[in-house]
Amino acid sequence: MASSASPISLGRVLLTGAAGALGRQLRPRLRSRCSLLRVSDAAAMDAAQAGEEVVEAKLEDRAAVHELLAGIDAVVHLGGISTEQPFDAILQANIVGVYNLYEAARRHGVKRIVFASSNHVTGYYRQDEVIDPTMPVRPDGYYGISKAFGENLSRFYFDRYGIETVCLRIGSSFPEPRDRRMLATWLSYDDLERLVVASLTAPVAGHTIIYGMSDNTTTWWDNTPARHIGYRPQDSSEPFRAAKEAAQPQLDLKDPAVTYQAGGFVHMGPFDQ
Ligand code: NAI
Ligand code: 15L
């Protein structure tokens, strides 16, 4: 785990998506920094530890989400569908769900939200261009569109109600890069923790979009417009390069999954419903 523990208490924090891959990583890392960590998911979670509350809730259940936000200072919102899927499922979890979350946050006076967006908001930029968070979105599917909705919704809730949000356009957060594309997109779990803590503790966050990546040598993303968040990655995909290149010595440059930053997401769908 990252050793740069911030001395700043995070207060009463809600972590959604706590049963998921990243939620299970962040839960123990956030627990010691919070006066209360309320963890939630539609799926079953481990029992509450000291300083925790565990609440099962579906994001599309407006009343349940309203209850979830009671007494909370800040939210780390990871919950929702995390890959390309049919629109109706995405609509409920990621679009209705994020609306319910922000509306409950407004009514309960929550001050800051860290929203797990995705690199798939800009997946149709090419792998031979470097983009920054101020450039127009180019989603690569319904999933990316739903994350763009969350980014826009959160901007509205900042402009209208002053709720600060840091949108994390997470690249690929796994124990290690899985393929050559992830040499550019990888975010280690320790750097994920650094990014979330920086987003929760930056004195002024406003509405910020930042790519979630480690200090990779190959990169498609320039986080200069988000430097005020103070995120400093300390890991790199470079130690994995030789093995990943050996496993994939040839890339088909005519394959859209190689052309576009989205990678294999460009081949997901359409879904007949
Ligand atoms: P995951 O799929 O492992 O976890 C998502 C969690 O959300 C699951 O535990 C699931 O039960 C819960 N969930 C889904 N629908 C729900 C609903 N309707 N109501 C309540 N809970 C619901 O995903 P992972 O990898 O942990 O990602 C966490 C977040 O980060 C997601 O929002 C994902 O889109 C985002 N992200 C993750 C990346 C990665 O590399 N792991 C990359 C980019 C974005
Ligand atoms: C995502 O948004 C997904 O949640 C994750 O499973 C990875 O596929 C990641 O993007 C990626 O682009 O590698």
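When a ligand or atom number is given, it counts from 1 through the structure's own listing order. Small disclaimer: the values here were computed from a predicted structure and weren't measured.
- When each atom of ligand 2 is checked for a heavy atom of Met182 under 4.0 Å away, the hits are 13 (O).
- One option in Gly80, Ala184, Ser82 has a heavy atom closer to atom 4 (O) of ligand 2 than any other, and that option is Ser82.
- Geometrically, ligand 1 and Gly17 share no nitrogen or oxygen pair separated by less than 3.5 Å.
- From the protein, the heavy atom lying nearest to atom 38 (C) of ligand 1 is Ile170 CG2, 3.8 Å.
- In this pair, Phe240 and Trp186 present their aromatic rings perpendicular. The plane angle is above 60°, beyond the 30 to 60° band.
- Under a 4.0 angstrom heavy-atom cut-off, Gly212 registers as lying outside contact with ligand 1.
- Neither the backbone nor the side chain of Ser40 has a heavy atom within less than 4.0 Å of ligand 1.
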Asn119 and Arg169: CA distance, side-chain angles, deciding distance, side-chain hydrogen bond (donor to acceptor under 3.5 Å, both in side chains) verdict: CA-CA 5 Å; Asn119 73 91; Arg169 285 187 184 163; over 6 Å; no

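- Looking only at protein heavy atoms, the nearest one to atom 13 (O) of ligand 2 is Ser172 OG, 2.6 Å.
- When hydrogens are left out, the protein atom nearest atom 9 (C) of ligand 2 is Gly171 O, 3.2 Å; that is the closest non-hydrogen contact.
- Near Ser118, meaning under 4.0 Å from any of its heavy atoms, are these atoms of ligand 2: 1 (C), 2 (O).
- Ion pairing of Lys244 with Glu176 is present here, as a side-chain N (NZ or NE/NH1/NH2) and a carboxylate O approach within less than 4.0 Å.
- For ligand 1, the polar-atom distance check against Ser173 finds a nitrogen or oxygen pair separated by under 3.5 Å.
- Residue contacts with ligand 2: Thr185 is placed with no nitrogen or oxygen under 3.5 Å of a nitrogen or oxygen of the ligand (distance criterion only).
- Residue contacts with ligand 2 include Arg181, since one or more of its heavy atoms lies under 4.0 Å from the ligand.
- Atom 4 (O) of ligand 1 has as its closest protein heavy atom Gly20 CA, 3.3 Å.
- Of the candidates Leu195, Asp191, Leu187, Pro233 forms a side-chain contact (heavy atoms from CB on, under 4.5 Å) with just one, namely Asp191.
- When hydrogens are left out, the protein atom nearest atom 8 (O) of ligand 2 is Phe265 CE1, 3.3 Å; that is the closest non-hydrogen contact.
- Not a single heavy atom of Arg178 sits less than 4.0 Å from an atom of ligand 2.
- Taking every non-hydrogen atom of Ser172 and a distance limit under 4.0 Å, the qualifying atoms of ligand 1 come out as 40 (O).
- Residue contacts with ligand 1 for Ala18 are absent, since no atom lies close enough (heavy atoms, distance under 4.0 Å).
- You'll find the ring centres of Trp220 and Tyr211 outside the 6.0 Å limit.
- With salt bridges taken as basic N to acidic carboxylate O contacts below 4.0 Å, none links Lys111 and Glu164.
- Counting only heavy atoms of the protein, atom 22 (C) of ligand 1 lies nearest to Gly80 N, 3.8 Å.
- Distance from atom 6 (O) of ligand 2 to its nearest protein heavy atom, with residue and atom name: Phe174 CZ, 3.8 Å.
- Looking from atom 21 (N) of ligand 1 to the surrounding protein, the closest heavy atom is Ala42 N, 3.3 Å.
- With respect to Asp128 and Arg126, a salt bridge is recorded, a charged nitrogen being found less than 4.0 Å from a carboxylate O.
- When hydrogens are left out, the protein atom nearest atom 34 (O) of ligand 1 is Tyr143 OH, 2.5 Å; that is the closest non-hydrogen contact.
- When hydrogens are left out, the protein atom nearest atom 10 (C) of ligand 1 is Asp41 OD1, 3.4 Å; that is the closest non-hydrogen contact.
- Residue Arg241 forms a side chain to side chain donor-acceptor pair (under 3.5 Å) with just one option from Asn216, Thr217, Thr218, and that option is Thr218.
- Taking every non-hydrogen atom of Gly171 and a distance limit under 4.0 Å, the qualifying atoms of ligand 1 come out as 40 (O), 42 (C), 43 (C).
- By the 30° and 60° cut-offs, the orientation of the rings of Phe156 relative to Tyr161 is perpendicular.
- Within the 4.5 Å cutoff, the side chain of Lys58 has no heavy atoms near those of the Gln92 side chain.
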Check against salt bridge (charged side-chain N to carboxylate O under 4.0 Å, His left out), Asp222 and Arg227: CA-CA 10 Å; Asp222 175 4; Arg227 282 180 68 86; over 6 Å; no

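- Near Ala93, meaning under 4.0 Å from any of its heavy atoms, are these atoms of ligand 1: 15 (N), 18 (N).
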Verdict with reasoning, His207 to Thr165, per side-chain hydrogen bond (donor to acceptor under 3.5 Å, both in side chains): CA-CA 5 Å; His207 184 271; Thr165 293; 5.4 Å; no

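- A salt bridge links Asp190 with Arg29: at least one charged nitrogen is closer than 4.0 Å to a carboxylate oxygen.
- Between Glu193 and Arg33, at least one side-chain nitrogen of the basic residue sits less than 4.0 Å from a carboxylate oxygen of the acidic one, meeting the salt-bridge criterion.
- The minimum heavy-atom distance linking Ala226 with Thr208 is given by the pair CB-CG2, 3.8 Å.
- Using bins of under 30°, 30° to 60° and over 60° for the plane-to-plane angle, the ring pair Tyr260/Tyr124 lands in the perpendicular bin.
- Close approach of ligand 1 to Gly79 (heavy-atom distance below 4.0 Å) involves ligand atoms 7 (O).
- Considering backbone and side-chain atoms alike, Ser118 places every N or O at 3.5 Å or more from each N or O of ligand 1.
- Nearest to atom 24 (P) of ligand 1 by heavy atom, out of Thr16, Ile90, Leu22, is Leu22.
- We find that Arg27 and Asp41 are not joined by a salt bridge, their nearest charged nitrogen and carboxylate oxygen being 4.0 Å or further apart.
- Shown in contact with Glu60 at under 4.0 Å from a heavy atom are these atoms of ligand 1, numbered in order with element: 17 (C), 18 (N), 19 (N).
- Leu78 O, 3.2 Å is the protein heavy atom nearest to atom 29 (C) of ligand 1.
- Within the 4.0 Å heavy-atom criterion, neither part of His77 lies near ligand 1.
- The distance from ligand 1 to the heavy atoms of Ala116 drops below 4.0 Å at these ligand atoms: 29 (C), 30 (O), 32 (O), 35 (C).
- Of the candidates Leu91, Asn94, Ile95, Ile95 is the only one forming a side-chain contact (heavy atoms from CB on, under 4.5 Å) with Phe149.
- If you check the side chains of His267 and Asp255, you find a donor sitting under 3.5 Å from an acceptor.
- Protein heavy atom nearest atom 3 (O) of ligand 1, with residue, atom name and distance: Ala21 N, 2.9 Å.
- When non-hydrogen atoms are compared, ligand 2 lies under 4.0 Å from the side chain of Asn119 (C-beta onward) but not from its backbone.
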